[in-house]
Visitor: 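I have a structure I would like to understand better, so I am pasting it below and will then ask my questions one at a time.
FYI, side chains are in, hydrogens and waters are out, and symmetry mates aren't considered; it's all heavy atoms of this structure. Here is how names work: the chains are called A, B, and so on, in the same order as the sequence lines, proteins then strands, and each is numbered from 1.
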Amino acid sequence: MSVMSVRPVRGTVDLFPDDSRRHRRVSETARELAERYGFGEINTPIFEFTDVFARTLGDVSDVVTKEMYTFEDRGGEHLTLRPENTAGVMRAFIAAKLQNALPLKYFYSGPMFRYERPQKGRQRQFHQIGVELFGVPGPAADVEVIALGAQVLAALNMLDQTVLHLNTLGDTPSRDAYRAALIDYFSGHKDQLSEDSLGRLEKNPLRILDSKDKNDRAVVEAAPVFDDYLTGEAADFFAEVRQGLDDLGVAYIRDPRLVRGLDYYCHTAFEFVTDALGAQGTVIGGGRYDGLAEIMGGPATAGVGWAGGIERLAMLADQTMEELEAPRPVALAPIGDAADRRLRQLAYELRGAGIVTDIGYSGNLKRRMARAAKVNAHTAVILGDDELVKGMATLRDMESGEQQEVPLDGIAAVLAARS
RNA sequence: GUGCCUGUAGCUCAGUUGGUUAGAGCGCCUGGUUGUGGUCCAGGAGGUCGCCGGUUCAAAUCCGGUCAGGCACCCCA
């Protein structure tokens, strides 16, 4: 009989308590900040009808064409594990007919799934935090959303490890005009473009601007500039976003090569990027997507938001913040069955009182004390026959080694003061 | 999906031009302490050298395949 494989599936990992604590630090920090900004938490399903993503992400995007975990369930439904959460949140908003409740602000945190070749900071099941702000067409929303991202990074002590890249994708007339100009320009330089970029010329010419190929870059140097094709409205919008960020003192660099693949994106596009994580340097990315709601069959609704990769943020946090320690418990160390029973009662009482308490399951005093040290207890309570007859317990300070006897009755109050 | 690098104990790694029973540190276990941890001392357990196949008298070491991780690309958080 063969042994089952116990390894996790490629691109997935098990998060043991230390790892989970690191993830939680990121997501709770973000959740707290988001709530301060008025974003309420939303949890949409981890799988959706495939259409939710196929329609919104378009059939040309890599995410849809080769990276989705798509399957048919037993009822024949075509379902997909969510590769991102903006579509899910928008779907939920449309389904609940909340258009009269606008503006709406949502925060989420949870697993996403993409069939990609794994690298550090890039897994097949990964986790994102994100925010979506629906129903505000003006630039104040963009500024607020970006500011929240900056403050999340600041709270994680990593804002100065990142650079905010900012660009505008303009409105539809701007983008159509620019796209036409780009196609025209690049078509005249086909012989100098990489194979990748020739493909992009068909699907998504804006992406050529972002190419890392050396020859492409030379061609891009002389390519038309978006600013020349922005409508007055689009230029004004972008100027207001920049003014808003300046007012808050949120630093950014203009990055004309920062683009988005999908048509429903418009105006603001931004990414917080670090150079500390290699090629997976984008730690938060987002933008405005006013066209999304209609694509999904909902009422035209403005939207702007961002998503951040928890794994990447956690890796950066490890570099910028001190180690996270599990809470230090009081360790109870009984000697003998009578003391064990008494201390299990005490453990119940302490835990009920909110005190982190550890009590082992076997072993002599030496083992009990070793365990107390291992779980990083600040105090040990030693109880044996000697103490029991006196109604006392021995309290040991695990740092100094000092011990004192205290009455068993009322020991909870003493320990509460030490915890 | 493409190219390249890596894979030895729980962890981090060593292992001479292929050559006997594959090592170290940390961690773990036991004892030194019948009621005292973390320090110290002594001892111990733990490895089909990722997996499968090939070359060879002989493979951790060379070759092929495969799986996994990593770097870059693609794409993206």
Visitor: Let me know the distance between CD of A:Glu311 and C1' of B:rG70, rounded to the nearest Å.
Guide: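 It works out to 17 Å between those atoms.
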Visitor: Between A:Arg200 and A:Ser211, is the side chain to side chain contact (heavy atoms under 4.5 Å, CB included) condition met? List the steps.
Guide: CA-CA 10 Å; A:Arg200 287 187 273 238; A:Ser211 174; 3.5 Å; yes
Visitor: Let me see the working for A:Arg418 and A:Thr379 under side-chain hydrogen bond (donor to acceptor under 3.5 Å, both in side chains), right down to the final yes or no.
Guide: CA-CA 8 Å; A:Arg418 294 176 66 96; A:Thr379 307; 3.0 Å; yes
Visitor: Determine the Euclidean distance between corresponding C1' atoms of B:rA58 and B:rG38; express it in Å to zero decimal places.
Guide: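 The answer is 49 Å between these two C1' atoms.
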Visitor: Taking atom types as modelled, is there a side-chain donor on A:Glu294 or A:Tyr264 under 3.5 Å from an acceptor on the other?
Guide: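 No, no side-chain donor-acceptor pair sits under 3.5 Å.
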Visitor: Looking for any heavy atom pair under 4.0 Å, which part of the strands does A:Met398 touch: base, sugar-phosphate only, or nothing?
Guide: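 Counting heavy atoms under 4.0 Å across all strands, the contact made by A:Met398 includes a base.
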Visitor: Taking the C1' atom of each, how far is B:rU21 from B:rU34, in whole Å?
Guide: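 It comes out at 41 Å once rounded to the nearest Å.
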Visitor: Sticking with atom P, work out how far B:rG65 lies from B:rG3, rounded to a whole angstrom.
Guide: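 These two P atoms come out 12 Å apart once rounded.
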Visitor: Nearest whole Å is fine: how far is B:rG38 P from A:Ile382 CD1?
Guide: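 Checked: the CD1 to P distance equals 14 Å.
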Visitor: Between B:rA77, B:rC73, B:rG35, which one does the side chain of A:Ile335 approach most closely?
Guide: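 So the nucleotide nearest the side chain must be B:rG35.
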Visitor: Run the ring-ring contact (aromatic ring centres under 6.0 Å, His included) check on A:Phe93 and A:Phe134 step by step: do they pass?
Guide: CA-CA 9 Å; A:Phe93 159 79; A:Phe134 294 160; 5.2 Å; yes
Visitor: Can you tell me how far C1' of B:rG70 sits from CE of A:Met315, to the nearest Å?
Guide: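 Atom CE in A:Met315 sits about 12 Å away from atom C1' in B:rG70.
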Visitor: Looking only at atom C1', what distance separates B:rU55 and B:rA42, rounded to whole Å?
Guide: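 Pairwise C1' distance, B:rU55 against B:rA42, rounds to 47 Å.
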Visitor: B:rA77, B:rU36, B:rG37: which one has an atom nearest the side-chain heavy atoms of A:Arg114?
Guide: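 Shortest atom-to-atom distance from the side chain points to B:rA77.
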Visitor: Going by atom types only, do A:Glu399 and A:His378 share a side-chain donor-acceptor pair under 3.5 Å?
Guide: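 Note: A:Glu399 and A:His378 side chains miss the donor-acceptor criterion.
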Visitor: Which is true for A:Gly401 with a 4.0 Å heavy-atom rule: it touches a base, it touches only sugar-phosphate, or it touches nothing?
Guide: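 A:Gly401: base contact, heavy atoms under 4.0 Å.
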Visitor: Give each protein N/O atom lying under 3.5 Å from an N/O atom of nucleotides 66-68 of chain B, with the pair distance.
Guide:
none

Visitor: In whole angstrom, give me the gap between the C1' atoms of B:rG44 and B:rC49.
Guide: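 Nearest-Å result for B:rG44 against B:rC49 at atom C1': 23 Å.
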Visitor: Evaluate the criterion side-chain hydrogen bond (donor to acceptor under 3.5 Å, both in side chains) for residue pair A:Ser194 and A:Asn215; output intermediate values, then yes/no.
Guide: CA-CA 7 Å; A:Ser194 65; A:Asn215 293 326; over 6 Å; no
Visitor: Kindly write out the residues that satisfy side-chain contact (heavy atoms from CB on, under 4.5 Å) with A:Asp290, not counting sequence neighbours, or none if the list is empty.
Guide: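 Per chain and number, A:Asp290 pairs via side-chain contact (heavy atoms from CB on, under 4.5 Å) with A:Cys266, A:His267, A:Arg288, A:Ala302.
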Visitor: Please give the distance between the P atoms of B:rG18 and B:rC75 as a whole number of Å.
Guide: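 Their P atoms lie roughly 44 Å apart.
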Visitor: Ring centroids only, cut at 6.0 angstrom: are A:Phe39 and A:Phe107 within range, meaning strictly under it?
Guide: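 Aromatic pair excluded; centres sit 6.0 Å or further apart.
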Visitor: Heavy-atom nearest nucleotide on RNA chain B for A:Ala372 versus A:Gly278: which residue maps closer to 5'?
Guide: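 Looking at RNA chain B, the more 5' nearest nucleotide goes with A:Ala372.
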Visitor: Of A:Ile146, A:Val250, A:Asp142, A:Asp255, which meets side chain to side chain contact (heavy atoms under 4.5 Å, CB included) against A:Leu166?
Guide: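 Per the side chain to side chain contact (heavy atoms under 4.5 Å, CB included) rule, the option paired with A:Leu166 is A:Ile146, out of A:Ile146, A:Val250, A:Asp142, A:Asp255.
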Visitor: Take atom CD1 of A:Ile208 and atom C1' of B:rC75, then tell me their distance rounded to the nearest Å.
Guide: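 In whole Å, B:rC75 C1' and A:Ile208 CD1 are 15 Å from each other.
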Visitor: Is a donor-acceptor contact shorter than 3.5 angstrom present between the side chain of A:Arg396 and the base of B:rG37?
Guide: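 Check passes, donor-acceptor contact within cut-off.
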Visitor: A:Asn376 CG to B:rG37 C1': how many Å, rounded?
Guide: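 My rounded result for the distance is 12 Å.
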Visitor: With pairs defined as Watson-Crick or G-U wobble and both distances under 3.5 angstrom, please note down RNA chain B as a dot-bracket string, | for pairing with another strand.
Guide: (((((((..((((.....[...)))).(((((.......))))).....(((((..]....))))))))))))....
Visitor: In whole angstrom, what separates A:Tyr69's OH from B:rC76's C1'?
Guide: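 The distance from OH of A:Tyr69 to C1' of B:rC76 comes to 15 Å, rounded to the nearest Å.
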Visitor: Could you go step by step and tell me if A:Arg242 and A:Tyr252 meet the side-chain hydrogen bond (donor to acceptor under 3.5 Å, both in side chains) rule?
Guide: CA-CA 9 Å; A:Arg242 300 174 67 155; A:Tyr252 62 87; 3.2 Å; yes
Visitor: Whole angstrom is fine here: how far is it from CG in A:Asp275 over to C1' in B:rC71?
Guide: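 From A:Asp275 CG to B:rC71 C1': 16 Å.
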Visitor: Could you go through nucleotides 1-7 of chain B and list every protein N or O atom that sits under 3.5 Å from one of its N or O atoms, giving the distance for each pair?
Guide:
{"residue": "B:rU2", "atom": "O4", "partner": "A:Arg117", "partner atom": "NH1", "Å": "2.8"}
{"residue": "B:rG3", "atom": "O6", "partner": "A:Arg117", "partner atom": "NH2", "Å": "3.2"}
{"residue": "B:rC4", "atom": "N4", "partner": "A:Arg117", "partner atom": "NH2", "Å": "3.1"}

Visitor: Does A:Asn376 offer a backbone N or O that forms a donor-acceptor pair with the side chain of A:Arg328 under 3.5 Å?
Guide: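 Yes.
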Visitor: Considering only NZ, NE, NH1 and NH2 on the basic side and carboxylate oxygens on the acidic side, decide whether A:Asp196 and A:Lys212 come within less than 4.0 Å.
Guide: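 No, this pair does not count.
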Visitor: Excluding sequence neighbours, so at least two apart, what forms salt bridge (Lys or Arg N to Asp or Glu O under 4.0 Å) with A:Arg371?
Guide: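 Testing A:Arg371 for salt bridge (Lys or Arg N to Asp or Glu O under 4.0 Å), a comparison that skips the adjacent residues, returns A:Asp358.
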Visitor: Out of B:rC73, B:rG70, B:rG35, which has the shortest distance to the side chain of A:Asp196?
Guide: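 It is B:rC73.
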Visitor: Determine whether the side chains of A:Ser197 and A:Asp216 contain a donor N or O and an acceptor N or O closer than 3.5 Å.
Guide: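 The answer is yes; a qualifying pair exists.
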Visitor: Looking only at atom C1', what distance separates B:rC67 and B:rC74, rounded to whole Å?
Guide: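 One C1' to the other, the span is 23 Å.
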Visitor: Using a cut-off of under 3.5 Å, enumerate the N/O to N/O pairs linking the protein to nucleotides 26-31 of chain B.
Guide:
{"residue": "B:rU30", "atom": "OP2", "partner": "A:Arg367", "partner atom": "NH1", "Å": "3.4"}

Visitor: With heavy atoms under 4.0 Å as the rule, sort A:Ile284 into base, sugar-phosphate or nothing.
Guide: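 Sugar-phosphate contact only - A:Ile284 comes under 4.0 Å of backbone atoms but never of a base.
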Visitor: Are A:Ile411 and A:Val381 side-chain neighbours, meaning at least one heavy-atom pair lies under 4.5 Å?
Guide: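 Yes; the side chains approach each other to less than 4.5 Å.
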Visitor: With respect to the phosphate group of B:rC76, does any side-chain polar atom (N or O) of A:Arg260 fall under 4.0 Å of OP1 or OP2?
Guide: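 No.
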Visitor: Determine, stepwise, if the pair A:Thr394 / A:Glu387 fulfils side-chain hydrogen bond (donor to acceptor under 3.5 Å, both in side chains).
Guide: CA-CA 7 Å; A:Thr394 299; A:Glu387 288 91 348; 2.7 Å; yes
Visitor: Mind checking the P distance from B:rG53 to B:rA59? Whole angstroms is fine.
Guide: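 Looking at atom P only, B:rG53 and B:rA59 are 14 Å apart.
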Visitor: Identify whether any heavy atom of A:Gln403 sits under 4.0 Å from a base atom; if not, whether one sits that close to sugar-phosphate; answer base, sugar-phosphate or nothing.
Guide: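 Contact class for A:Gln403: base.
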Visitor: Is the base of B:rG37 touched by the side chain of A:Glu399 through a donor-acceptor pair closer than 3.5 angstrom?
Guide: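 There is none.
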Visitor: Whole angstroms only, please: what is the CG-P distance between A:Asp14 and B:rG69?
Guide: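 Between P of B:rG69 and CG of A:Asp14: 12 Å.
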Visitor: For a quick test of reading the model: is some side-chain N or O of A:Lys212 closer than 4.0 Å to OP1 or OP2 of B:rC73?
Guide: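 So the side-chain polar atoms of A:Lys212 do come within 4.0 Å of the phosphate oxygens OP1 or OP2 of B:rC73, strictly under.
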